[in-house]
Amino acid sequence: MSRIGVDIGGTNTDAVLVSEKNEILAKCKVQTLDSIEKSVVTAISKIVENGNEEKIEGIFIGTTHATNAILEEKDLLPTGIIRIAGQYPDVTSGYTWPKSLQDKAIKGQRTIPGGFECDGSEISPFSKEEAKKAVYDLLELGCEGFAIIGSFSIINPLHELHVRKILQEIKGQNTPCTCSYEISGLGFIERENATILNTSLKYVMAKGFQNIQNALKELHLECPMYMVQNDQSAMTFEEACHLPILTIASGQTNSFIGGTVLSGYNDALVIDVGGTSSDIGLVLNKMPKRSSHSTKIGGVQMQFCLPDTNSLAIGGGSIVTEQGVGPQSVSKHLLKKALCFGGDICTLTDLGITVGAIEIDGTKSSPYCKEKALRHLKELSKQLEKAIVVMLGKSRELPIILVGGGAPIICWALLRFSSLKNVQTIEHSNVANAFGAALCEFSATIDTIKSLRDDTSVLQDLKNEALLKAIEKGASKDQVRITQMEITPIAYSKENLSKIYIRACG
């Protein structure tokens, strides 16, 4: 049996057919069209054209759809916010957001009594009448989706569940809605930010996922299809539509893991050079190093456990001017606008061809001044070297693996102009992201509040529960294991409560 991995990037859509032994049997790279489902179908149809359809056990798709929707502020659902906070905080929702994003995603806000203290006691009694009034007020304002955030709802989500039930009774079961306890995170503001964005993304993500699902039916592939989330585990299309925010940064995770496995190392620094940006990440024991601080996406602070990534505006489509390379890019229009393809814009790809770092069939041999190209690449390598050294920290001896379409150009520049050693590209580096998607696992998480003071078996019971849930989702009994466990004591709780996060994968 084999599996298909797909990565939908801003410039290209890549697909690979991978065997049980993690060998790449076929691969394809196509330009990402405005209709992303057509890009996916085109890529997959090319790698199964030799009659492999019946041997495929699953299709795993990674996408930057959610991230792009936030960054481009496009097709976001106008969301109403219901805060359940009896202390009535003065800070308004989204007060640190970029103004344009606020206007697109936040339609209105209401605060009602209720919520819990950190010790689990009520701040104030929940009011059903106040909740109803808040829902009706926000509907009148034109809110199409709802974000429900209660104080310390991760300890007790009861009041959030009450509001959701009231909302569904008034508006219907299919009303786009997110409760913050589903997102998790102790910080109220960060959890609220993520909850609002999750609801705002529901329309664009559901539409995109549904289009992909419908388009794939044309290929008559009788196998399940999954989206890849940012912890490199599979989620169903339904799960992805409910919590689309979990797909943010899945492309980076896929590239880092895919590049490391292809290189044969367990530990490495991986640079994914795409059409618009270069993402730098550290992989230790075949798992991306996670960020220890809150994450900003589109200027919005969120408490997400994402890969520790440094993203630079350097890619194959980066526009070259007298001042240097980037940050603007021709993105998916590279094949039309770059000098080497007959266009009138000089890009990083043009520099690579000029100095002989890459060769592309059907392109001009020297579309740019070689002396200028060398100067730009030297400056570029200095910029990259600084970022790489910071990311490596004390791990200076780790191999530096370059993947992505622009990898040969960056590798050439670093080897020629930087002091870095062990810089290398690898076979199949141009589809490492899709390969990483094909390697994704099935996982389950336990995110709960428990007292660990009296019962020493609590942790073991929670571990067993996570393992069983992962197996139910599809993980192999032989390979399932606990990959992450975090215990965060909750200050001032009467029962010495701790927030416990356990993740099992297989």
Side-chain angles (χ1 to χ4, degrees), residues 64-112 115 118 123 134 137-138 141-154 160 163 176-205 230 243-249 252 277 279 290-313 327 488 491 499:
T64 57
H65 215 49
T67 306
N68 292 344
I70 295 171
L71 296 178
E72 296 173 13
E73 301 174 3
K74 187 178 179 182
D75 294 328
L76 298 175
L77 201 64
T79 299
I81 301 150
I82 299 179
R83 279 180 170 176
I84 313 168
Q87 71 273 45
Y88 289 90
D90 292 329
V91 177
T92 57
S93 300
Y95 78 102
T96 61
W97 293 27
K99 182 65 168 59
S100 57
L101 185 58
Q102 280 186 45
D103 294 341
K104 292 283 181 62
I106 299 176
K107 194 70 174 177
Q109 173 194 325
R110 292 293 183 272
T111 303
I112 63 174
C118 59
I123 295 174
D137 286 350
L138 293 172
L141 290 174
C143 297
E144 297 178 26
F146 289 80
I148 303 168
I149 305 96
S151 294
F152 281 100
S153 60
I154 58 168
E160 287 190 357
V163 174
C177 169
T178 309
C179 291
S180 75
Y181 81 90
E182 301 172 285
I183 301 293
S184 191
L186 282 170
F188 184 94
I189 296 299
E190 291 87 350
R191 177 160 44 93
E192 178 179 71
N193 288 344
T195 305
I196 297 167
L197 282 179
N198 189 75
T199 296
S200 292
L201 288 167
K202 281 182 178 258
Y203 168 75
V204 64
M205 296 302 281
N230 54 40
L243 293 173
I245 203 162
L246 296 184
T247 66
I248 287 177
Q252 296 166 340
S277 65
D279 299 321
R290 312 303 285 185
S291 175
S292 59
H293 48 77
S294 57
T295 307
K296 266 192 175 182
I297 304 291
V300 179
Q301 200 85 18
M302 293 184 287
Q303 208 160 22
F304 258 57
C305 191
L306 297 179
D308 191 3
T309 306
N310 187 359
S311 296
L312 305 177
T488 308
K499 183 178 183 293

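Worth saying up front: this structure is predicted, and the values here are computed from it rather than measured.
K107 is linked by a salt bridge (charged side-chain N to carboxylate O under 4.0 Å, His left out) to nothing, counting only residues two or more places apart in sequence or in another chain. Take E160 and apply the salt bridge (charged side-chain N to carboxylate O under 4.0 Å, His left out) test, not counting sequence neighbours, and it matches no residue. Taking K99 as the reference, D103 meet the salt bridge (charged side-chain N to carboxylate O under 4.0 Å, His left out) condition, with sequence neighbours excluded. E73 is linked by a side-chain contact (heavy atoms from CB on, under 4.5 Å) to S100, L101, K104, counting only residues two or more places apart in sequence or in another chain. Remark: T195 engages no residue in a side chain to side chain donor-acceptor pair (under 3.5 Å) (not counting sequence neighbours). Under the rule for a side-chain contact (heavy atoms from CB on, under 4.5 Å), T96 has no partner lying at least two apart in sequence or in another chain. Applying the side-chain contact (heavy atoms from CB on, under 4.5 Å) criterion to I189, with sequence neighbours excluded, gives R83, V91, E192, N193. With sequence neighbours left out, the side-chain contact (heavy atoms from CB on, under 4.5 Å) criterion links A66 to L201, M205, T247, I248. For R191, there are no salt bridge (charged side-chain N to carboxylate O under 4.0 Å, His left out) partners two or more places apart in sequence or in a different chain. Residues forming a side chain to side chain donor-acceptor pair (under 3.5 Å) with Q109 (at least two apart in sequence, or on another chain): S93.
Side-chain contact annotation: S153 with S180, donor-acceptor N/O pair under 3.5 Å present.
Here I84 contributes atom CD1 and I123 contributes atom CD1; the two are 10.0 Å apart, rounded to the nearest 0.5 Å. The line from CD1 of I148 to CD of E182 is 9.0 Å long, rounded to the nearest 0.5 Å. Here OG1 of T79 is found 8.5 Å from CG of L197. Values are rounded to the nearest 0.5 Å. Here I70 contributes atom CD1 and W97 contributes atom CH2; the two are 8.0 Å apart, rounded to the nearest 0.5 Å. To the nearest 0.5 angstrom, C179 atom SG is 9.5 Å from I82 atom CD1. Remark: I81 CD1 to T111 OG1 distance equals 9.5 Å, nearest 0.5 Å.
Residue F146 is tested with V163, L138, T199, I196 for a side chain to side chain contact (heavy atoms under 4.5 Å, CB included); the sole match is L138.
Minimum interatomic distance between S311 and T309 (heavy atoms only, all atoms of both residues): OG-CG2, 3.6 Å. Scanning all heavy atoms of the two residues, the minimum distance from L141 to G108 falls at CD1-CA, 4.1 Å. In terms of heavy atoms, P98 sits closest to G299 at CD-O, 4.0 Å.
In this structure, N230 contributes its side chain and L246 its backbone to a donor-acceptor pair below 3.5 Å. In terms of modelled atom types and a separation under 3.5 Å, the side chain of S200 and the main chain of L77 share a donor-acceptor contact.
Listed by first and then second residue, the salt bridge (Lys or Arg N to Asp or Glu O under 4.0 Å) pairs involving residues 141-152 amount to none (not counting sequence neighbours).
Atom OH of Y203 sits in a sparse spot, with 12 or fewer heavy atoms from other residues, nucleotides or ligands closer than 6.0 Å.
M302 places a side-chain heavy atom less than 4.5 Å from the side chain of I245.
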